[in-house]
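Everything below concerns the one structure shown next.
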Amino acid sequence: MASLTVTGVRPWGGDLADIVLDGDRISDVRPAGSAPVEGERIDGAGLLALPGFVNSHAHVDKSWWGKPWVSYGGVASTEGRIAHERAERDKLGIPSVEVAETVLREFLRHGTTAARSHVDVDLGLGLRGIEIVREAAERLGGAVEVEIVAFPQDGVLRRPGVLKLLDEAAAAGAGWIGGLDPAGIDRDPVGQLDGLFEIAERRGVGLDIHLHDGGELGAFQYELIADRTVRTGLQGKVTVSHGFALGEVPPARQAALLDRITEAGISLATVAPVRTAPLPWTELSAREVPVGLGTDGIRDLWSPYGDGDVLQIALGFARLHGLRKDEDLVAAVELATRRAASFVGRGRHDLAPGCRADVVLVAAENVPDALMRVPVRSLVIAGGRVVVWDGEVLV
């Protein structure tokens with residue numbers, strides 16, 4: 001029996017249809033007017049329907065969203081941002097359950113129903129940040145499903161004891177462990193990667209490695225990551241986040257890296273930052289390399305930018321990569337929705353029977369129109385529950 005039917009919507013801009021929900025799953029998508037009459041009904045009024053958005057790279061533990069304004073300070077480099085954050089976060093009460101919950105509410109308001117969040121694990125915090133993010137998600141009743149990456153923001157080998165913390169996080173249920181610029185931060189790419197892959201292989205978890213190092217240095221680390229991925233049998237369980245080097249190296253070198261990435265089943269996560277080299281999107285798409293979009297930090301000690309809207313990131317991706325054709329604009333939105341299923345542990349994420357009942361309605365003519373205008377999310381259903389109505393978060 002249907003528990004909720006959303007009538008008269010246009011899934012992906014297609015013909016009018018009724019989306020039938022049974023508990024937390026989509027049970028059927030039928031031509032408009034043909035859905036069963038039992039259960040609650042919501043008139044979709046002909047709005048465009050999309051799956052819930054997926055934030056493939058977030059840091060919900062770091063934000064000061066909802067607190068008084070914090071002026072930017074510190075040095076504008078990876079090392080400088082790390083040092084500034086470590087010096088200032090305790091004064092601001094970062095991380096906290098209240099702020100993490102506020103960030104997740106912003107995700108919901110923008111239609112995001114699933115996220116992979118990197119959560120700092122270091123010698124000062126231990127595993128407390130992970131507990132905080134879990135509690136924040138629980139307060140929302142799981143409306144946003146959060147995949148946690150235990151993230152060594154302050155480095156791995158240069159901070160003895162962090163590998164042990166990552167191992168403890170994996171043992172305690174974190175589905176992923178992270179890494180950070182094995183060469184640029186730890187100055188020992190072989191050592192860092194050996195330590196991370198040993199934990200991932202032994203604990204059966206995934207790896208998501210921040211790689212900011214550019215050019216040939218970054219390309220070299222791509223090769224090391226790919227080699228270890230194949231050697232340990234972790235194909236499909238390793239992500240490189242940012243990975244700027246792939247867009248920076250010469251074409252022949254890039255093609256060789258794409259071969260290694262494809263063979264190793266490595267996925268890429270990007271926030272499509274301005275003034276960076278575009279990823280080789282056409283080649284990645286042709287090779288079916290998974291690419292996810294994320295917001296990265298949101299109003300934190302790294303940057304005052306960010307609002308938690310993955311559709312804005314998809315628009316930035318389209319601009320950075322010069323996408324103009326309708327099919328390419330649709331693909332950008334797909335990266336933030338159905339193509340991102342693997343980033344949050346889902347086999348499938350779409351407006352289709354069997355998928356989690358995550359539905360977003362927007363007033364747009366079609367998908368490219370929604371991408372260009374980034375309209376208010378009129379209705380958001382997460383796991384079969386209405387969580388946003390007329391832009392207001394209800395949970």
Side-chain angles (χ1 to χ4, degrees), residues 56-63 74 77-90 94-95 100 115-134 146-213 217-218 221-222 224-225 228-229 232 234 237-243 266 269 271 294 296-297 300-302:
S56 298
H57 186 101
H59 292 270
V60 304
D61 59 319
K62 291 177 176 289
S63 181
S77 66
T78 301
E79 283 275 22
R81 303 322 304 155
I82 292 171
H84 180 66
E85 182 178 62
R86 292 302 175 270
E88 301 295 325
R89 66 183 179 187
D90 289 346
I94 297 173
R116 182 189 290 186
S117 181
H118 298 256
V119 181
D120 283 10
V121 167
D122 60 42
L123 302 178
L125 286 172
L127 304 185
R128 183 164 61 90
I130 293 177
E131 296 165 2
I132 283 170
V133 172
R134 283 178 174 155
V146 182
E147 287 275 311
I148 288 178
V149 184
F151 177 51
Q153 178 71 86
D154 199 21
V156 180
L157 299 183
R158 72 176 189 173
R159 300 288 183 250
V162 167
L163 272 176
K164 182 173 183 293
L165 285 173
L166 295 176
D167 186 48
E168 291 172 357
W176 301 77
I177 60 171
L180 174 68
D181 291 326
I185 294 295
D186 269 344
R187 306 294 177 128
D188 185 355
V190 172
Q192 185 189 123
L193 293 174
D194 282 350
L196 295 177
F197 273 90
E198 190 279 327
I199 295 171
E201 184 179 16
R202 177 165 45 83
R203 294 292 186 186
V205 299
L207 269 174
D208 191 327
I209 300 171
H210 282 56
L211 184 57
H212 306 95
D213 291 337
L217 180 61
Q221 290 168 88
Y222 264 113
L224 292 180
I225 292 167
R228 280 158 179 74
T229 301
T232 55
L234 289 174
K237 299 187 70 173
V238 175
T239 299
V240 172
S241 289
H242 305 306
I266 291 171
V271 302
D296 207 7
D300 58 22
L301 289 166
W302 286 63

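- Contact check for Asp61 versus Ile94: no side-chain heavy atoms found under the 4.5 Å cut-off.
- Between the side chain of Gln153 and the backbone N or O of Leu180, no donor-acceptor pair lies under 3.5 Å.
- At least one donor-acceptor pair under 3.5 Å links the side chain of Tyr222 to the backbone N or O of Gly243.
- Between His57 and His118, the ring-plane angle classifies as tilted under the 30° and 60° cut-offs.
- Between Leu224 atom CG and Phe197 atom CZ the span is 9.5 Å, to the nearest 0.5 Å.
- Considering CD1 of Ile266 and NZ of Lys237, their distance stands at 14.5 Å, rounded to 0.5 Å.
- Looking at Gln221, its side chain does come within 3.5 Å of a backbone N or O of Ala183 through a donor-acceptor pair.
- Across Leu211 and Pro182, no two heavy atoms sit closer than the pair CD1-CD, 4.3 Å.
- You'll find the side chain of Thr239 reaches within 4.5 Å of the side chain of Arg116, heavy atoms only.
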Q. Can you list the steps and then say if Arg134 with Val146 is a side chain to side chain contact (heavy atoms under 4.5 Å, CB included)?
A. CA-CA 8 Å; Arg134 283 178 174 155; Val146 182; over 6 Å; no
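- Neither side chain, Asp181 nor His210, offers a donor N or O lying under 3.5 Å from an acceptor on the other.
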Q: Decide side chain to side chain contact (heavy atoms under 4.5 Å, CB included) for Leu123 and Val162; before the verdict, give the C-alpha distance in whole Å, the side-chain angles of both, and the deciding distance to 0.1 Å.
A: CA-CA 7 Å; Leu123 302 178; Val162 167; 4.1 Å; yes
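- A 4.5 Å side-chain heavy-atom check between Leu163 and Leu157 finds at least one atom pair inside the cut-off.
- Proximity of Leu193 to Ile209: side-chain heavy atoms (C-beta onward) are separated by under 4.5 Å at one or more points.
- In this structure, Gly184 and Asp213 approach most closely via the heavy-atom pair N-OD2, 2.9 Å.
- At a threshold of 4.5 Å between non-hydrogen side-chain atoms, the residues Asp296 and His242 count as touching.
- Although no hydrogens or angles enter the test, the distance criterion places no donor-acceptor pair under 3.5 Å between the side chain of Thr232 and the main chain of Glu201.
- A salt bridge is defined here as a Lys NZ or Arg NE, NH1 or NH2 lying under 4.0 Å from an Asp or Glu carboxylate O, and Glu168 with Lys164 meets this definition.
- The line from CD of Glu198 to CZ of Arg203 is 9.0 Å long, rounded to the nearest 0.5 Å.
- Here the closest non-hydrogen pair linking Val121 and Ala150 is CG2-CB, 3.8 Å.
- The backbone N or O of Pro95 sits nowhere less than 3.5 Å from a side-chain atom of Arg89 that would complete a donor-acceptor pair.
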Q: Mind running side chain to side chain contact (heavy atoms under 4.5 Å, CB included) on Arg202 and Asp167 for me, showing each step along the way?
A: CA-CA 9 Å; Arg202 177 165 45 83; Asp167 186 48; 3.2 Å; yes
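- Remark: Ile225 CD1 to Leu234 CG distance equals 12.5 Å, nearest 0.5 Å.
- Closest of all the heavy-atom pairs between Asp300 and Ser63 is CB-CA, 4.1 Å.
- The CD1 atom of Ile148 sits 14.5 Å away from the CD1 atom of Ile177 when rounded to the nearest 0.5 Å.
- Here the rule is salt bridge (charged side-chain N to carboxylate O under 4.0 Å, His left out) with Asp120, and of Arg159, Arg86, Arg128 only Arg86 fits it.
- In this structure, CD in Glu131 is found 10.5 Å from CG in Leu125, a value given to the nearest 0.5 Å.
- Asp186 places a side-chain N or O within 3.5 Å of a backbone atom of Arg158 that can act as its donor or acceptor partner.
- Looking at Ile82 and Trp302, their side chains come closer than 4.5 Å, going by heavy atoms from C-beta outward.
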